[in-house]
Peer 1: 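Quick one: the structure is below, questions incoming.
Everything numeric in this text was worked out from a predicted model, so none of it was measured. Residue indices begin at 1 and follow the sequence shown.
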Amino acid sequence: MEFDVVIVGAGPAGLAAAIRLRQLSLERGRDISVVVVEKGSEVGAHILSGVVVDPIGLDQLLPEWRTHPERPLTTEVTEDHFLQLSASGARALPAKLMPKLLSNHGNFIGSLGNVTRFLAARAEELGVEIFPGFAATELLYDGDRVVGIATGDMGVARDGTARPDHVRGMELRARYTLLAEGARGSLSKQAIARYWLDKGSDFQKYGIGMKELWQVKPEHFRPGHVQHSFGWPLDKHTGGGSFLYHFDDNLVAVGFVVHLNYSNPTLSPFDEFQRFKTHPAIRDTFEGGKRLAYGARALTEGGWQSVPRLTFPGGALLGCAAGFVNVPRIKGSHNAILSGRLAADAIADELVRDEPAIEPVAYERNWRGSAIGRDLHPVRNVKPLWSRYGMPLGVMLGGIDMWSHQILGRSLFGTVAHGKPDHACLRLLSEVTPIQYPKPDGVVSFDKLSSVFLSNTNHAEDQPCHLKLRDPSVPIKNNLPLYGEPARLYCPAGVYEVTYEDDVKKIGPRFVINSQNCVHCKTCDIKDPAQNITWVPPEGGGGPNYPNM
């Protein structure tokens, strides 16, 4: 099948690009055919975010969204609080100390999954074709130019043979291919490596974000309430923080982010999240409530200095695939929408030419001077300062730097480098004090498997494992003695285990991959110290099925 533009990923970036292309198509009377391929079973099934949305992107893309009968965001922020937690207490930071850019005034709380469903409906009204349940597994080339994608075969057995329900994948060819897969997308990773798109940028940095959706008791519900925190249970050398967002019908979204440059291999992000909810300042919100959903996702944290070149022959990177998350604001969906719109403008301008350029270079040329660049530039040093100096000094220096931008229009530190990639930050097991986690209480804290159940994750049992080991001997031969095999702990879904034939004598350690548990967070692809694990898309439609995350 042939199109003008193929978009991989029906998230806010991909759908914004599709909508903008069709808007320009209708305005200019030049038909632009657009198709969006989405690996989730439906649009929104794999979307997970806080989410407090800065409406700047929606306002530019669809100015009528606020009055639309199906508007996806209805709860406006009414309260905005920031806490520093210790083991036994919490200290509220005065609002006057917070830089203006961190204010959530005018933002909306809701479900990013519902936002993407809204955008998908608008895209289809404009003539965009959307194919959910099809995983893009391969970039197609003509010489050195990307000319589309191929979707994976369906109905392939674990041993690689065809099952009775086998269906061949499709080739979707296009003049331009836009990769909007989110953080650490498999095709984006290939394009960055093939075209050296990160040659002039710093290392990309990541965090692992985990989220639960709760329906709380009415007396614990404060509509429009936003609360962020940092500190306990993380130590001063480990970056991260939390959010609590109250919205809709007694719903509270609670989430926890751990920066993946942590050094202790015995740290478990999932268990830190569960422990966080037991804090005296947090627990009361959830007492007597019901946990409705759970999910996890890696997020890009490198910011301004880690954004790679955005365009390559035949295509471009959008949204979190490009790394447009504003870490101190804990927001990226607005920049994702803006990037989709900006890329679409560049591509539409090329498609009207007799000989369109191989790359939509205007997108790369213009983003730093756009609203995206104005959002990311003033906060570029917050993450590296925190990583370098820890908490509270690094947090304080980051705040000073943001105030410097607000008052003076420039940084006191220039642009601080990130140092090294996340996988290279782990210390040896012999150099750290192992972390001991309490057992979950089943009231506000829970185990991994019951949490994965709430993600509605499902994969066909008889299919090839989508978590590839470059060398199957590495987990037991190297990672286990050196680091205690950290995959057991950094995975928030219980995918990886080390088992023994004799649990008493510890005979015969074996590395087990429970790929059916995978929620597609891609943390293993990022944090494995040997870079031995590669995440690739499983059969289309597999993975989590988030209802409104």
Peer 1: Nearest 0.5 Å please: distance from the CZ atom of Arg291 over to the CD atom of Glu212.
Peer 2: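 Between atom CZ of Arg291 and atom CD of Glu212 there are 4.5 Å.
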
Peer 1: Taking 4.0 angstrom as the limit, do Arg30 and Asp4 come out as a salt bridge?
Peer 2: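 Yes, charged N to carboxylate O under 4.0 Å.
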
Peer 1: Got more than 12 heavy atoms from elsewhere within 6.0 Å of CZ, Arg28?
Peer 2: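 Yes, the 6.0 Å shell around CZ holds more than 12 heavy atoms from other groups.
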
Peer 1: Could you go through Phe247 and Phe108, starting from their C-alpha distance and side-chain angles, then the distance that decides it, and tell me whether this counts as ring-ring contact (aromatic ring centres under 6.0 Å, His included)?
Peer 2: CA-CA 9 Å; Phe247 68 106; Phe108 291 85; over 10 Å; no

Peer 1: Is it true that Glu355 and Arg353 make a salt bridge, defined as a side-chain N closer than 4.0 Å to a carboxylate O?
Peer 2: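 Salt bridge between Glu355 and Arg353, a charged N being under 4.0 Å from a carboxylate O: no.
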
Peer 1: Report yes if the distance between the aromatic ring centroids of His46 and His520 is under 6.0 Å, otherwise no.
Peer 2: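 Yes - the distance between ring centres of His46 and His520 falls below the 6.0 Å cut-off.
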
Peer 1: Can a salt bridge be assigned to the pair Arg117 and Glu70 using a cut-off of 4.0 Å between side-chain N and carboxylate O?
Peer 2: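 Looking at Arg117 and Glu70, the cut-off is not met.
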
Peer 1: Around atom CG of Leu126, are there more than 12 heavy atoms of other residues, nucleotides or ligands at under 6.0 Å?
Peer 2: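 Buried by this count: over 12 neighbours within 6.0 Å.
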
Peer 1: Does Gln215 use its side chain to pair, donor to acceptor, with the backbone of Asp249 at less than 3.5 Å?
Peer 2: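 Checking the backbone N and O of Asp249 against the side chain of Gln215, a donor-acceptor pair under 3.5 Å is found.
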
Peer 1: Going by atom types alone, do His334 and Asp375 pair a side-chain donor with an acceptor below 3.5 Å?
Peer 2: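 Present: a donor and an acceptor within the cut-off.
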
Peer 1: Please determine which of Leu61, Ile337, Ile347, Leu342 meets the side-chain contact (heavy atoms from CB on, under 4.5 Å) test together with Arg20.
Peer 2: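 When Leu61, Ile337, Ile347, Leu342 are each tested with Arg20, the side-chain contact (heavy atoms from CB on, under 4.5 Å) holds only for Leu61.
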
Peer 1: Does any part of the side chain of Asn456, heavy atoms only, come nearer than 4.5 Å to the side chain of Pro547, both counted from C-beta?
Peer 2: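 The answer is yes; the side chains approach within 4.5 Å.
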
Peer 1: Output yes when a side-chain donor or acceptor of Glu350 lies under 3.5 Å from a complementary backbone atom of Pro356, and no otherwise.
Peer 2: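 A pair under 3.5 Å: no.
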
Peer 1: Hey, mind stepping through His246 and His220 against ring-ring contact (aromatic ring centres under 6.0 Å, His included) and telling me if it holds?
Peer 2: CA-CA 10 Å; His246 296 235; His220 297 159; 9.5 Å; no

Peer 1: When you check the side-chain N and O atoms of Asp202 and Ser306, is any donor under 3.5 Å from an acceptor?
Peer 2: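 Asp202 vs Ser306: no donor-acceptor pair found between side chains.
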
Peer 1: Under a 4.5 Å cut-off applied to non-hydrogen side-chain atoms, are Cys518 and Thr457 in contact?
Peer 2: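 No, every pair of side-chain atoms sits at 4.5 Å or beyond.
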
Peer 1: Using the rule given for side-chain contact (heavy atoms from CB on, under 4.5 Å), can you reason through Phe131 versus Met1, listing the C-alpha separation, both sets of side-chain angles and the distance that settles it, and then say yes or no?
Peer 2: CA-CA 13 Å; Phe131 296 163; Met1 303 174 67; 4.0 Å; yes

Peer 1: Please determine if Lys277 forms a cation-pi arrangement with Phe273, meaning its NZ or CZ atom is less than 6.0 Å from the six-membered ring centre and no more than 45° off the ring axis.
Peer 2: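 Yes, a cation-pi geometry holds between Lys277 and Phe273.
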
Peer 1: Identify whether the distance between the nearest side-chain nitrogen and carboxylate oxygen of Asp59 and Arg66 falls below 4.0 Å.
Peer 2: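 A salt bridge is present here (some side-chain N lies under 4.0 Å from a carboxylate O).
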
Peer 1: I'd like to know whether Glu38 forms a side-chain contact (heavy atoms from CB on, under 4.5 Å) with Phe134, so could you lay out the CA-CA distance, the side-chain angles of the two residues, the decisive distance to 0.1 Å, and finally the verdict.
Peer 2: CA-CA 6 Å; Glu38 165 58 39; Phe134 290 89; over 6 Å; no

Peer 1: Decide if the gap between the ring center of His68 and the ring center of Phe118 is smaller than 6.0 angstrom.
Peer 2: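 Distance test on ring centres: under 6.0 Å, yes.
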
Peer 1: Salt bridge or not between Asp54 and Arg329? Use side-chain N to carboxylate O under 4.0 Å.
Peer 2: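 Counted as a salt bridge, because a side-chain N and a carboxylate O are separated by less than 4.0 Å.
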
Peer 1: Within the supplied structure, the quantity of interest is the number of heavy atoms (other residues, nucleotides, ligands) at a distance under 6.0 Å from Tyr141 OH; does it exceed 12?
Peer 2: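 Enclosed.
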
Peer 1: Ignoring hydrogens and geometry beyond distance, is a side-chain donor-acceptor pair present between Lys331 and Asn104 at under 3.5 Å?
Peer 2: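 There is such a pair (donor and acceptor under 3.5 Å, judged by atom type) between the side chains of Lys331 and Asn104.
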
Peer 1: Quick one, Glu181 with Lys189, criterion salt bridge (charged side-chain N to carboxylate O under 4.0 Å, His left out). Give me CA distance, side-chain angles, the key distance, then yes/no.
Peer 2: CA-CA 10 Å; Glu181 303 170 290; Lys189 186 178 171 184; over 6 Å; no

Peer 1: Test your reading of the model: is there a side-chain donor-acceptor pair from Arg380 to the backbone of His377, 3.5 Å cut-off?
Peer 2: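 Pair found, side chain donor or acceptor close to backbone of His377.
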
Peer 1: Can you confirm whether or not the ring centre of Tyr294 sits under 6.0 Å from the ring centre of Trp214?
Peer 2: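 No, the ring of Tyr294 stays outside the 6.0 Å limit from the ring of Trp214, centre to centre.
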
Peer 1: Applying side-chain contact (heavy atoms from CB on, under 4.5 Å), can you list everything that pairs with Arg297, at least two apart in sequence or on another chain?
Peer 2: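 By the side-chain contact (heavy atoms from CB on, under 4.5 Å) rule, Arg297 matches Leu48, Ala183, Lys522.
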
Peer 1: Taking the cut-offs as 6.0 angstrom to the six-membered ring centre and 45 degrees off its axis, would you call Arg194 and Phe312 a cation-pi pair?
Peer 2: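 Judged by the rule, Arg194 and Phe312 form no cation-pi pair.
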
Peer 1: Strictly by modelled atom types, are Thr300 and Arg184 linked by a side-chain donor-acceptor pair under 3.5 Å?
Peer 2: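 There is no such pair (donor and acceptor under 3.5 Å, judged by atom type) between the side chains of Thr300 and Arg184.
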
Peer 1: We want to know whether Asn114 and Asn548 form a side-chain donor-acceptor pair, criterion being a heavy-atom distance below 3.5 angstrom.
Peer 2: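 Asn114 vs Asn548: no donor-acceptor pair found between side chains.
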
Peer 1: Is Glu2 salt-bridged to Arg173, going by a charged N under 4.0 Å from an acidic O?
Peer 2: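 Between Arg173 and Glu2 there is no salt bridge, as every charged N stays at least 4.0 Å from the carboxylate O atoms.
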
Peer 1: Does Asp198 come within less than 4.0 Å of Arg309, counting only side-chain N to carboxylate O?
Peer 2: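 Looking at Asp198 and Arg309, the cut-off is not met.
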
Peer 1: Tell me if a side-chain donor or acceptor on Trp65 pairs with a main-chain N or O of Leu119 at a distance below 3.5 Å.
Peer 2: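 No, the answer is negative, given that no donor and acceptor are paired below the 3.5 Å cut-off.
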
